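Okay, structure first, notes after.
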Amino acid sequence: MKKVIKPIIAAAFTTLLMAVFALETNTNNLETNQVQATSQTIPKKMRGTWKSKPTYMGEMKHINKNISVPAMKMKVSAKKVKWHFIGFIPKEYDHQSHTIKLVSLENGKAILKGHGPYRDDNYLWMNDKALFLGYHGGAIDFFRVKNSA
């Protein structure tokens, strides 16, 4: 009787080890798929340094006291966007630099999360040579900064 039980226990043990090994390799495959999903980058034509012009209130004269949205400078890299206001800015704005990170790409738009100019949900898209930073309720248009070198 002992001679029959030992091979059965050994066979059960090896089956258990094989099942654990198969489970481990399946979870490793899932992890590699997740890595591939996070390898999205902002398209190369969107990368670089961009500037926007200030927006003035209504049809008033273009003087500093009538600025509603100050000029912005934005640097776009593969995974994140750094931006800050430049030049004269009204009291409610600051010159501090902020970062928004890439979350996903959908239909030619780069979806971003982080501290945007007006909201935390932002997106980038191209139209001809202009880059637009969109947010819930509007968009700011940017033009590429020419290299002086």
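Keep in mind that what you see is a predicted model, and the values were worked out from it rather than measured. Side chains are part of it too, since the values below use all heavy atoms of this structure and drop only hydrogens, waters and symmetry mates.
Side-chain atoms of M46 and M126, non-hydrogen and from C-beta on, do get closer than 4.5 Å to each other. Looking at heavy atoms from C-beta onward, Y93 lies out of side-chain contact with I67 at the 4.5 angstrom threshold. Counting heavy atoms from C-beta on, the side chains of I140 and Y135 come closer than 4.5 Å. A 4.5 Å side-chain heavy-atom check between N122 and P117 finds at least one atom pair inside the cut-off. Taking 4.5 Å as the limit, some side-chain heavy atom of T41 sits within range of a side-chain heavy atom of R47. Using a 4.5 Å heavy-atom cutoff, the side chains of K73 and K51 are in contact. With a 4.5 Å cut-off on side-chain heavy atoms, T99 and V81 do not count as touching.
Using a cut-off of 4.0 Å between Lys/Arg side-chain N and Asp/Glu carboxylate O, K113 and D121 are scored as salt-bridged.
Not a single donor-acceptor pair under 3.5 Å links the side chain of W125 to the backbone N or O of N107.
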Steps toward side chain to side chain contact (heavy atoms under 4.5 Å, CB included) verdict (F142, M74): CA-CA 8 Å; F142 289 84; M74 181 169 66; 3.7 Å; yes
Working for side chain to side chain contact (heavy atoms under 4.5 Å, CB included), residues E106 and I111: CA-CA 7 Å; E106 295 177 9; I111 310 299; 4.3 Å; yes
Step-by-step side chain to side chain contact (heavy atoms under 4.5 Å, CB included) determination, V145 to W50: CA-CA 5 Å; V145 174; W50 301 81; 5.7 Å; no
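With ring centers used as reference points, H62 lies under 6.0 Å from Y56.
Nearest heavy-atom pair across F132 and A130 is CE1-CB, 3.9 Å. Nearest approach of M57 to S68, heavy atoms of both residues: CG-CB, 3.8 Å.
Between I100 and the options D120, L124, L112, a side-chain contact (heavy atoms from CB on, under 4.5 Å) holds for only L112.
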